Amino acid sequence: MTRPAPHALRPGSGHRFAAYLAGLLPSARDVRGLGRTWRTDLLAGLTVGIVALPLALGFGVSSGVSAEAGLVTAIIAGVLAAVFGGSNVQVSGPTGAMVVVLLPIVATHGVGAVAAVSVMAGVIVLAAGALRMGRAISFIPWPVIEGFTLGIAVIIFMQQVPLIASPHQAAAGEHSSNAIVAAVQSLAGADLAYMPWSLGAVLVVVAIMLTAPRIHRALPGSLIGIIVVAVIAVVVHAPLAVIGTLPNTLPAPSLPTLDPGTLVDLVMPALTVAALAAIESLLSARVAASMADTGAYDPDRELVGQGIASIGSGLFGGMPATGAIARTAVNVRSGGRTRLASVFHALVLLTVVLVAAGPVGRIPLAALAGVLMITAVRMVRLQTMRSILRSTRSDATGFIVTALVTVSVDLIVAVLIGVLCAGFFAIRNLSRATGIRREPISGDAHPGDDRIAIIRFDGPLFFAAADRVFTAVTKVASVEVVILRMSQLELVDATGAHILSDIVQTLERRRVTVLIKGVQPGHEDLFRTVGVLGSLRHHNHLFTAMDDAVDHARSHIDRNDAARSA
């Protein structure tokens with residue numbers, strides 16, 4: 001007889017799958033409230049578009065791809081992530097963290113590999129969302145996140161040095177993949193005739209970005225700065241390297257064309273990009289949800305949306321996309337409350353491509369470097385750093401280690417090491433919470449009570465504390481009966497239960513009778529399975545009341561005394 005398909009054995013499984021799928025796709029809930037907020041959404045979208053323009057251009061150039069790729073990513077990913085993502089206010093596009101990962105990929109595999117990596121990483125992020133892995137972000141501690149952010153800020157800042165040092169440094173591709181080493185190398189070969197012009201452009205942009213908010217908080221200092229520098233450069237015929245010719249249309253979508261060997265080589269870079277895209281997007285969505293009443297975000301759907309956004313961006317020749325914390329924050333502060341704001345921000349950038357590609361191509365690269373330098377500096381929050389460094393030694397260590405590894409090795413490696421570091425300290429602190437102490441026998445003293453030891457367990461008992469517990473209990477000397485008091489025992493894992501079994505067996509081999517008092521119902525099955533209860537000399541050596549356990553212990557002492565006197 002043919003066995004029915006698994007789904008046929010579970011009535012309603014089709015409905016559950018439909019509900020599961022519906023939870024990851026756009027719905028009417030996404031536009032709820034649009035009738036009330038569309039005006040502020042459009043204004044917020046315009047504001048974010050103005051802010052995003054220089055960032056998209058700058059990140060495109062800094063990644064080693066092109067300013068065009070940055071714009072394409074902001075447009076395509078901005079729309080797709082807004083429609084399919086799990087946040088009502090998330091703004092997606094190219095980010096500084098992604099630039100840090102892409103630059104070594106470009107140096108190793110060439111510009112053509114970026115689109116392929118974008119598609120591959122998008123598929124991975126999409127699969128992670130479909131598998132409901134969005135909650136994994138909660139396992140990354142706050143100090144690790146801040147250390148990661150500090151490291152990224154340092155790298156972004158250092159990546160701008162080659163743009164300032166020489167008109168040819170940015171495209172040379174002859175420097176180290178490490179941003180700090182590359183900055184030193186570019187300064188060693190700097191064009192001293194060019195640097196006064198480039199530094200002047202940077203200083204003008206920085207001055208305007210710092211001054212504009214003091215005049216009016218709505219003034220887009222970065223955009224004003226690059227416009228001023230671009231105009232001055234044209235008027236005085238400054239020898240500043242510029243973005244160059246930009247197309248006035250979006251490229252046609254197409255599959256990246258790479259040979260199979262190169263695609264295999266790109267698997268690990270794609271995994272790195274996917275991990276970074278997931279982490280940064282979920283962090284940004286979580287921060288946005290805490291800034292204003294914009295509705296809850298769905299982390300699984302957010303991963304699905306970001307995966308689709310990176311796939312779409314790659315098909316159009318763009319870069320991998322992530323949720324951008326800075327642009328998302330601007331969106332929320334500007335009044336954005338629905339997905340319309342992010343979609344409109346992408347339409348603003350598309351308008352720039354269609355009608356202003358020529359003027360945008362005349363923007364000096366040094367002006368973009370100034371924008372990104374200020375962006376990097378603003379990523380570092382001194383008050384947050386002070387809070388972490390003054391909190392606990394373990395958190396401060398995790399923060400510093402993550403920042404150093406981010407700058408010197410790799411972003412994903414830094415997160416993994418940071419999480420491992422935090423986990424190590426957490427386990428160490430938790431193991432220290434395991435309390436083992438000898439208690440006196442309450443009530444009137446009886447002859448032989450000094451040969452009875454009551455050992456009380458407090459807190460968790462797990463693998464990290466197992467050896468210490470074994471040593472502390474088994475070193476008890478000059479006793480004939482040991483009562484293990486378990487009523488205050490909290491978390492117990494298999495290693496903790498196994499060490500209890502070893503304790504019982506070790507003491508019994510020394511002819512010390514072991515009694516156990518107060519096994520909690522939640523621990524009973526584990527103790528029975530691992531053999532703790534089976535290690536007892538007799539099943540009557542398990543008690544629920546301390547008085548009964550003490551009476552039984554005294555009876556053992558009396559019998560031993562009687563046997564010795566016989």
Side-chain angles (χ1 to χ4, degrees), residues 427-566:
I427 291 172
R428 188 188 67 170
N429 294 336
L430 190 60
S431 68
R432 290 177 175 176
T434 303
I436 306 293
R437 61 190 178 93
R438 183 171 178 175
E439 287 188 333
I441 298 175
S442 60
D444 298 332
H446 286 66
D449 279 358
D450 58 317
R451 286 174 282 163
I452 300 173
I454 300 177
I455 307 297
R456 172 173 170 165
F457 292 77
D458 291 290
L461 177 57
F462 65 116
F463 67 92
D467 286 342
R468 179 170 64 85
V469 169
F470 180 85
T471 302
V473 177
T474 56
K475 74 178 183 181
V476 176
S478 303
V479 296
E480 298 176 19
V481 181
V482 170
I483 302 175
L484 302 180
R485 184 177 180 183
M486 303 287 185
S487 56
Q488 301 302 312
L489 193 61
E490 297 173 358
L491 169 71
V492 183
D493 68 356
T495 305
H498 178 70
I499 212 68
L500 288 175
S501 177
D502 286 349
I503 288 171
V504 173
Q505 294 176 27
T506 300
L507 292 176
E508 290 286 356
R509 282 196 296 268
R510 297 178 187 171
R511 299 185 182 279
V512 176
T513 301
V514 179
L515 311 179
I516 295 181
K517 177 267 171 186
V519 175
Q520 299 181 35
H523 301 158
E524 190 171 341
D525 288 342
L526 177 61
F527 283 7
R528 183 174 289 107
T529 301
V530 176
V532 178
L533 304 184
S535 300
L536 294 174
R537 188 184 303 175
H538 195 280
H539 67 273
N540 286 336
H541 289 178
L542 186 64
F543 299 89
T544 58
M546 180 57 74
D547 290 342
D548 294 340
V550 171
D551 289 343
H552 195 92
R554 285 169 174 166
S555 70
H556 272 276
I557 297 296
D558 292 341
R559 282 196 299 271
N560 291 343
D561 288 344
R564 280 192 288 268
S565 62

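Keep in mind that this is a model prediction, so the values were computed, not measured. Excluded from the calculations below are hydrogen atoms, water molecules and symmetry mates; all remaining heavy atoms, backbone and side chain alike, are included.
In this structure, Val476 and Arg438 approach most closely via the heavy-atom pair CG1-NH1, 4.1 Å.
Proximity of Leu461 to Leu491: side-chain heavy atoms (C-beta onward) are nowhere separated by under 4.5 Å. Residues Leu484 and Phe457 are in side-chain contact: their nearest non-hydrogen atoms beyond the backbone lie under 4.5 Å apart. Looking at heavy atoms from C-beta onward, Ile452 lies out of side-chain contact with Val550 at the 4.5 angstrom threshold. You'll find the side chain of Val469 reaches within 4.5 Å of the side chain of Ile503, heavy atoms only. Between His541 and His556 there is a side-chain heavy-atom pair separated by less than 4.5 Å. Two residues are said to be in side-chain contact when any heavy atoms from C-beta on lie closer than 4.5 Å; Thr506 and Phe470 meet this criterion. Taking the side chain as every heavy atom from C-beta outward, Leu515 and Thr513 approach each other to under 4.5 Å.
Taken to the nearest 0.5 Å, the CD atom of Glu439 stands 5.0 Å off from the CZ atom of Arg456. Between Ile427 atom CD1 and Arg432 atom CZ the span is 13.0 Å, to the nearest 0.5 Å. Here the straight-line distance linking atom CD1 of Ile454 with atom NZ of Lys517 works out to 9.5 Å at 0.5 Å rounding. For the atom pair Glu508 CD and Arg510 CZ, the distance stands at 11.5 Å (nearest 0.5 Å). His552 NE2 to Asp547 CG: the interatomic distance, rounded to the nearest 0.5 Å, is 14.5 Å. Separation of atoms OG (Ser487) and CD1 (Ile516) is listed at 12.5 Å; rounding is to 0.5 Å.
Put simply, the side chain of His523 gets close to the backbone of Glu490: a donor and an acceptor are under 3.5 Å apart. In this structure a side-chain-to-backbone donor-acceptor pair under 3.5 Å is missing from His538 to Leu536. Side-chain N or O atoms of Gln505 include none that pairs as donor or acceptor with a backbone N or O of Ser535 at under 3.5 Å. Of the possible polar contacts, one joining the Thr434 side chain to the Pro460 backbone as a donor-acceptor pair under 3.5 Å is found. For Arg468 (side chain) and Ile436 (main-chain N/O), no donor-acceptor pair under 3.5 Å exists by modelled atom type. In this structure, Asp493 contributes its side chain and Phe463 its backbone to a donor-acceptor pair below 3.5 Å.
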side-chain contact (heavy atoms from CB on, under 4.5 Å) between Val481 and Val512: does it pass, once the steps are laid out? CA-CA 5 Å; Val481 181; Val512 176; 5.8 Å; no
I'd like to know whether Ile455 forms a side-chain contact (heavy atoms from CB on, under 4.5 Å) with Arg485, so could you lay out the CA-CA distance, the side-chain angles of the two residues, the decisive distance to 0.1 Å, and finally the verdict. CA-CA 6 Å; Ile455 307 297; Arg485 184 177 180 183; over 6 Å; no
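Considering only residues two or more places apart in sequence or on other chains, Arg451 meets the salt bridge (charged side-chain N to carboxylate O under 4.0 Å, His left out) condition with Glu480, Asp561.
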Can you give the donor-acceptor pairs under 3.5 Å from side chains of residues 524-534 to other protein atoms, not counting sequence neighbours?
unit_1	atom_1	unit_2	atom_2	d
Glu524	OE2	Arg528	NH2	3.0
Thr529	OG1	Asp525	O	2.8

